[in-house]
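Here is the structure we will look at.
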Amino acid sequence: MEEFLMKIGDLADLFGVTVRTLHYYHQIGLLIPSQTTASGHRLYNENDVKRLYQIITLKNFGFSLEEIGKMTSSTDPDPLVLINLQVQKAAEALEFQQALYNRLVEVQKKLKAESSPSLADMVALIEIAQHNSQNYLTEDQIAQLKSLYSSFSIEQEVNMKKEWQSFVARLGVCKEENKPVDSDDMQELAAYWQDFLKTFSDIDQDIVDAAHKFHAENKDPHLNYGLTHELYEYLSQAIEAMNDEC
């Protein structure tokens with residue numbers, strides 16, 4: 001019987017992560033592919049897939065990659081254990097969402113009836129906003145980002161803003177001109193994005209994953225600082241071409 005093997009790009013698509021993330025997991029020994037072809041392409045077997053499922057599930061529970069490495073040392077991972085954890089998490093999430101919905105409806109009614117919200121109403125709105133941001137980042141990660149931003153000088157902030165605006169503008173022009181994702185211009189923009197994210201991966205690779213997830217799911221250009229959903233999808237194709245499934 002032929003052994004089940006999956007390419008890195010297919011595995012990344014299956015779990016909604018980036019190829020670069022799988023490269024990083026390999027680098028730190030968290031997820032080592034069972035086979036590597038003569039040309040250097042990584043191939044993953046069934047146990048590798050189960051292990052990645054474990055890793056992602058435990059990440060969602062807030063465990064660090066170091067902790068996950070210790071918890072997933074078994075060579076034959078049992079997905080039932082993680083399914084049980086996910087069922088428990090889903091039940092807790094449903095309960096929380098129902099309570100959040102009830103409170104949001106109460107605040108909505110009060111805001112419609114009053115000219116200005118009370119302090120209690122404002123606290124409720126802040127809690128809701130914090131919960132939405134934590135769909136992508138943990139409290140520790142938010143604190144790490146705040147610390148990083150506070151370390152930038154005014155000149156650095158200005159330069160980063162100019163570079164970002166130039167990046168988005170050039171990306172938009174490339175899309176309008178329908179340039180191939182493997183063109184020199186698009187590959188240069190893909191390289192800029194990868195370098196930009198390295199600033200955060202030095203702090204926490206999970207922050208990079210959160211950035212990819214945020215831009216993939218949010219279609220509001222104001223939230224995405226000009227990197228619209230369509231532009232991000234176009235950029236993602238260029239990144240995939242750059243990685244070349246290696």
Side-chain angles (χ1 to χ4, degrees), residues 3-90 93 133-145 147-148 190-191 193-217 236 239-246:
E3 183 182 6
F4 169 88
L5 292 172
M6 183 175 285
K7 293 181 179 179
I8 190 170
D10 295 332
L11 184 63
D13 290 341
L14 178 64
F15 283 91
V17 298
T18 64
V19 169
R20 187 170 183 269
T21 293
L22 297 181
H23 286 176
Y24 181 71
Y25 289 170
H26 185 182
Q27 177 186 340
I28 64 176
L30 187 61
L31 180 67
I32 301 174
S34 59
Q35 290 188 31
T36 304
T37 67
S39 57
H41 289 193
R42 298 167 172 85
L43 298 175
Y44 298 81
N45 64 15
E46 186 174 353
N47 271 344
D48 297 332
V49 175
K50 291 179 180 178
R51 183 175 176 85
L52 181 57
Y53 174 67
Q54 276 191 320
I55 292 168
I56 291 176
T57 302
L58 291 170
K59 266 184 60 183
N60 290 337
F61 276 91
F63 292 103
S64 68
L65 294 182
E66 182 179 357
E67 291 171 328
I68 292 172
K70 296 175 181 177
M71 297 171 70
T72 58
S73 57
S74 170
T75 56
D76 186 18
D78 181 6
L80 179 60
V81 175
L82 298 178
I83 288 290
N84 291 338
L85 285 173
Q86 284 188 308
V87 168
Q88 177 185 350
K89 182 181 180 182
S133 68
Q134 287 170 1
N135 286 336
Y136 301 97
L137 298 171
T138 65
E139 290 183 4
D140 286 344
Q141 289 170 336
I142 292 172
Q144 289 180 71
L145 286 177
S147 176
L148 174 65
W193 173 258
Q194 299 285 58
D195 289 340
F196 176 77
L197 291 181
K198 282 180 183 178
T199 304
F200 307 103
S201 64
D202 289 340
I203 302 175
D204 188 339
Q205 176 63 30
D206 290 348
I207 292 177
V208 176
D209 295 341
H212 283 291
K213 182 180 179 183
F214 177 82
H215 284 287
E217 294 180 354
S236 296
I239 294 170
E240 288 178 7
M242 173 184 286
N243 290 325
D244 195 27
E245 294 194 351
C246 288

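Looking at every heavy atom in both residues, Y53 comes nearest to F15 through CA-CE2, 3.7 Å.
With M6 as reference, L14 is the one residue of L14, D48, N45 to meet the side-chain contact (heavy atoms from CB on, under 4.5 Å) rule. Screening L22, L5, I32, L52 against Y44 for a side-chain contact (heavy atoms from CB on, under 4.5 Å) leaves a single residue, L22.
Here I239 contributes atom CD1 and Q194 contributes atom CD; the two are 5.0 Å apart, rounded to the nearest 0.5 Å. Atom-to-atom distance recorded for T21:OG1 and L31:CG is 11.5 Å, nearest 0.5 angstrom. A distance of 7.5 Å separates OH in Y25 from CD1 in I28, rounded to the nearest 0.5 Å. Note that the CD1 atom of I8 and the NE2 atom of H26 stand 9.0 Å from one another [nearest 0.5 Å]. R51 CZ to L30 CG: the interatomic distance, rounded to the nearest 0.5 Å, is 5.5 Å. The CG atom of L43 lies 10.0 Å from the CG atom of D10; values are rounded to the nearest 0.5 Å.
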